[in-house]
Number of protein chains: 2
Amino acid sequence: MTPVEMLTLHHLRKTPTRLAILKYLQTAPFPQSENDIHKKMQDSYDRITFYRTIQTLMESGIIHRIVADNTTVRYALNHCTSALNEQDADHVHFFCTKCGKVECMEEVAVQPYQLPDGYKKEECNVVVKGLCNECAKKNSAEK
Amino acid sequence: MTPVEMLTLHHLRKTPTRLAILKYLQTAPFPQSENDIHKKMQDSYDRITFYRTIQTLMESGIIHRIVADNTTVRYALNHCTSALNEQDADHVHFFCTKCGKVECMEEVAVQPYQLPDGYKKEECNVVVKGLCNECAKKNSAEK
DNA sequence: TTTATATATGAAACAATGTTGCAAATGTAG
DNA sequence: CTACATTTGCAACATTGTTTCATATATAAA
């Protein structure tokens, strides 16, 4: 699905900032930070607009925010954004403590946790921290 | 275990800030925010010291930080802090989207997720969002 | 194509969160 | 009680997130 189609589907206006962010996230191999997006957009970037755009895109379910750490936030397209109308399955996120990379592990599904009586579940976020394959390889080569 | 014993066990100096934070977390029924701790400590509170203390206590494994949200951070004693030398089992954290309360669900264990080859797992954080029993009750009473 | 208008933007100003360097204070081993 | 490594607290800064409001713009309708 193209960024224009994503916005059309959700009855959102096709503004430059929204299109720029969606295009960038679509080409990015991993979830991206505000700073990544900022650098990509250069002068056309405004922080306030960014936060509001992110908010809008999240509310529509086009993207999701990954909070890997108290200082590490990333954004990624929802998978259902490419497969129309399909609900995103909750997936595990991986955070490399060495290089800082965050990954959406679409293939690792989140377990359905059973909460105590009376609690109402809405969403479940799983972040696994460790070394990504590249950093793990470098690490074992070093010693 | 008393706060003094916790610090002794980890060869940390028994300073007023450390003791105050540990005492407060020990009596708190839920994980607490920086602001909660600040209010409790009043004048004896200094933000820089707070951050450094938290860092030290986390590195020693006395407390853990729960990042429920990009704007919601809480701190809680590790369970092993009361049961000497016992490794804390990773547990699920619950975040109430209505009242903002965070809970450690010690009784809900984290599933061991299988990562792709080459990745090295270090830690796994699970945050379930939804309504806590109190807010869920209020919610159904309202309608 | 033009116009009306609801929506989105961007500036200013602020609030909250987190970090670093350094001199002074303090906990503790001896 | 003293020596000294550790910890504190201040100043100064960096990053992240929010609110208000006037201006600009995307789009539906004429």
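What you see is a predicted model; the values in this text were computed from it and never measured. Residue numbers begin at 1 in each chain, while the letters A, B, ... track the order of the sequences.
- If you check distances only, the side chain of A:Arg52 does reach the base of C:dG10 with a donor-acceptor pair under 3.5 Å.
- For B:Glu134, the CD atom is loosely surrounded, since the number of other residues' heavy atoms within 6.0 Å does not exceed 12.
- We find that NE2 of A:His11 is positioned 19 Å from P of C:dA6, with the value rounded to whole Å.
- A:Met6 pairs in a side chain to side chain contact (heavy atoms under 4.5 Å, CB included) with only one of the listed residues (A:Leu12, A:Leu57, A:Leu77, A:Asn78), which is A:Leu77.
- Rounded to whole Å, atom P of C:dA8 lies 15 Å from atom CD1 of A:Ile54.
- Rounding to whole angstrom units, CG of residue A:Asp43 and C1' of C:dT9 are separated by 16 Å.
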>> For a side chain to side chain donor-acceptor pair (under 3.5 Å) check, start with the C-alpha distance between A:Asn35 and A:Ser33, then their side-chain angles and the critical distance, and finish with the verdict.
In response: CA-CA 5 Å; A:Asn35 198 258; A:Ser33 69; 5.4 Å; no
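- Rounding to whole angstrom units, CD1 of residue A:Ile37 and P of D:dG17 are separated by 12 Å.
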Below 3.5 Å is the cut-off: list the nitrogen or oxygen pairs between protein and nucleotides 12-18 of chain C, distance only.
{"unit_1": "C:dG18", "atom_1": "OP1", "unit_2": "A:Asn70", "atom_2": "ND2", "d": "3.2"}
{"unit_1": "C:dG18", "atom_1": "OP2", "unit_2": "B:Tyr51", "atom_2": "OH", "d": "2.8"}
{"unit_1": "C:dG18", "atom_1": "N7", "unit_2": "B:Arg47", "atom_2": "NH2", "d": "2.3"}

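- Residue whose closest nucleotide on DNA chain D sits further toward the 5' end, between A:Gln55 and B:Asp46: B:Asp46.
- Atoms OH (A:Tyr45) and C1' (C:dT9) sit 14 Å apart, rounded to a whole Å.
- B:Arg74 and B:Glu34 are not joined by a salt bridge, as no carboxylate oxygen comes within less than 4.0 angstrom of a charged side-chain nitrogen.
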>> Let's go through B:Glu103 and B:Lys101 carefully: what are the C-alpha distance in whole Å and the side-chain angles of both, what is the deciding distance for salt bridge (Lys or Arg N to Asp or Glu O under 4.0 Å) to 0.1 Å, and is it a yes or a no?
In response: CA-CA 7 Å; B:Glu103 289 184 49; B:Lys101 184 171 72 180; 3.7 Å; yes
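- Salt bridge B:Lys120/B:Glu122: absent, no basic N to carboxylate O contact under 4.0 Å.
- Here the options are A:Tyr24, A:Phe50, A:Phe30, the test is ring pair (Phe, Tyr, Trp, His ring centres under 6.0 Å), and the partner is A:Tyr75; only A:Phe50 passes.
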>> I'd like to compare against my own output: the B/S/- annotation of nucleotides 24-30 of chain D with a strict under-4.0 Å heavy-atom distance to protein.
In response: -BBS---
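- As judged by a 4.0 angstrom heavy-atom cut-off over every strand, A:Thr56 is placed among residues making no nucleic acid contact.
- Going from atom NE2 of B:His38 over to atom C1' of D:dG9 covers 14 Å, rounded to whole Å.
- Proximity of B:Leu22 to B:Leu7: side-chain heavy atoms (C-beta onward) are separated by under 4.5 Å at one or more points.
- Within the 4.5 Å cutoff, side-chain heavy atoms of A:Val126 are placed close to those of B:Cys124.
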